[in-house]
2 protein chains.
Amino acid sequence: MEITRETDYAIRCVLYLCEKREEITMIDEIAREMEVPRSFLAKILQKLARASLVKSFRGVKGGFQLARPPARISLLDVVEAIEGEVAMNLCALDQALCGRSKYCPVHPAWVDIRKDFRKVLGKYNFEKLKKTGERQKAKG
Amino acid sequence: MEITRETDYAIRCVLYLCEKREEITMIDEIAREMEVPRSFLAKILQKLARASLVKSFRGVKGGFQLARPPARISLLDVVEAIEGEVAMNLCALDQALCGRSKYCPVHPAWVDIRKDFRKVLGKYNFEKLKKTGERQKAKG
DNA sequence: TTAAACAGGATAAAATCAGTCTTAATTAAA
DNA sequence: TTTAATTAAGACTGATTTTATCCTGTTTAA
């Protein structure tokens with residue numbers, strides 16, 4: 001049921017890149033600032049890049065940059081970039097994975113639940129999260 | 001993000017006990033009919049009993065029985081009986097588990113998301129699931 | 001008293017998670 | 001054109017969790 005630590009790291013990472021909006025930021029900096037192991041973070045950024053959430057630049061002065069505005073990146077985007085398609089039960093993704101499929105009374109429920117979960121996670125974009133963070137900080 | 005196989009077994013098990021409403025059913029029968037390893041199922045039934053979803057009877061003629069009507073057992077009940085409190089991020093359960101708590105802009109989101117997820121899972125009770133199953137069967 | 005059932009703890013194999021390491025490939029700048 | 005800085009990709013590894021099994025003890029109907 002929980003997201004993995006990897007996903008948690010990924011979220012921190014996107015959050016950091018949101019602050020650095022126009023700049024190209026190196027793995028080392030993100031790793032240091034967000035307290036994520038550097039080599040693990042490298043893998044995570046690769047996944048985020050493959051999902052087109054960040055752009056990568058190789059070579060000297062290389063690094064990473066958000067691929068679109070924070071308002072257009074949701075928690076769902078990040079979770080699915082790292083963990084693959086969200087679903088509480090794999091049978092909700094593919095009927096074939098559900099051995100007991102045909103007469104399983106729970107199957108339609110899992111399909112609906114998956115839809116609801118995706119909607120909930122999709123509601124939170126990083127622009128919104130950033131603002132919440134700023135309000136918190138203001139309150140002390 | 002996914003429920004474990006254990007939880008999946010638990011759901012099948014409750015489903016089976018729903019059919020047997022007034023009877024006391026032995027582990028062996030449930031295990032055989034629901035295709036769940038017997039010794040694993042024994043553990044699962046213990047958890048369901050501790051969560052007061054089923055009643056257990058020891059000794060000769062012992063077995064298990066639903067502790068309340070199917071309409072009053074939800075998917076949330078079963079998932080939490082097996083996996084503990086539902087949450088995508090542990091920080092949503094306990095501020096203290098969240099090292100970066102105070103200024104983490106995502107924290108309030110996890111708390112909301114947890115609430116939504118619980119609500120969604122709570123919507124499905126076993127009476128409803130049973131009916132869906134019957135409709136499916138009728139359609140062939 | 002006995003046999004049939006569940007309770008609970010110890011143990012173990014398999015899978016997944018959370019990383020590390022090494023060897024490319026790329027690129028700005030000397 | 002060489003070099004140093006940077007990411008890309010895959011192999012590998014240790015720790016943790018999942019998915020069980022087994023054994024001993026307790027309860028209870030007959």
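Quick note on labels: first sequence line is chain A, next is B, and so on, each numbered from 1.
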Report the distance from atom [atom1] of [X] to atom [atom2] of [N], rounded to the nearest whole Å.
| X | N | atom1 | atom2 | result |
| --- | --- | --- | --- | --- |
| A:E2 | D:dT17 | CD | C1' | 12 Å |
| A:K47 | C:dG19 | NZ | P | 13 Å |
| B:L90 | D:dT17 | CG | P | 11 Å |
| B:L45 | C:dA7 | CG | P | 8 Å |
| A:L48 | D:dA8 | CG | C1' | 14 Å |
| A:I24 | D:dT6 | CD1 | P | 12 Å |
| A:K55 | D:dA8 | NZ | P | 14 Å |
| A:E6 | D:dT16 | CD | P | 18 Å |

If you check every side-chain atom of [X], which of [options] has the closest atom?
| X | options | result |
| --- | --- | --- |
| B:K61 | C:dT20, D:dA8, D:dA29 | D:dA29 |
| A:R58 | D:dT27, D:dT19, C:dA25 | C:dA25 |
| B:R38 | C:dA7, C:dC6, D:dT19 | C:dC6 |
| A:M26 | C:dA28, D:dT6, D:dG25 | D:dT6 |
| A:F64 | D:dT7, D:dA4, C:dA4 | D:dT7 |
| B:K43 | D:dA29, C:dG9, C:dA24 | C:dG9 |

Please check the phosphate of [N] (OP1 and OP2 only) for any side-chain N or O of [X] closer than 4.0 Å.
| X | N | answer |
| --- | --- | --- |
| A:R50 | D:dA9 | yes |
| A:Y9 | C:dG19 | yes |
| B:Q46 | C:dC6 | no |
| A:R5 | C:dG19 | yes |
| B:T4 | D:dT17 | no |

| Pair B:E127-B:R72, salt bridge (Lys or Arg N to Asp or Glu O under 4.0 Å): steps then yes or no | CA-CA 8 Å; B:E127 182 64 32; B:R72 297 211 294 114; over 6 Å; no
| Comparing A:S56 and A:V60 on DNA chain D - which has the more 5′ nearest nucleotide | A:V60
| request: Answer with base, sugar-phosphate or nothing: what part of the nucleic acid does A:G59 contact at a heavy-atom distance below 4.0 Å? | output: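 Base, at least one base atom sits under 4.0 Å.
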| How far apart are the C-alpha atoms of A:F64 and A:F57, what are their side-chain angles, what is the distance that settles it, and do they pass the ring pair (Phe, Tyr, Trp, His ring centres under 6.0 Å) test? | CA-CA 6 Å; A:F64 295 86; A:F57 301 90; 8.4 Å; no
| message | Students often mix this up, so state it plainly: with edges at 30° and 60°, are the rings of A:F117 and B:F117 parallel, tilted or perpendicular? | response | parallel
| Would a distance-only check, ignoring hydrogens and angles, find a side-chain to backbone donor-acceptor pair under 3.5 Å from A:Q65 to A:S56? |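 No: the side chain of A:Q65 does not pair with the backbone of A:S56.
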| task | Determine, for B:F40 and B:K43, whether the Lys NZ or Arg CZ falls below 6.0 Å from the six-membered ring centre while staying within 45 degrees of the axis. | result | no
| request: Using a strict 4.0 Å threshold on nitrogen-to-oxygen distance, state whether B:R32 and B:D28 make a salt bridge. | output: no
| said: Need to verify one output field. Residue with the more 5' nearest nucleotide on DNA chain C, A:F57 or A:P37? | reply: A:P37
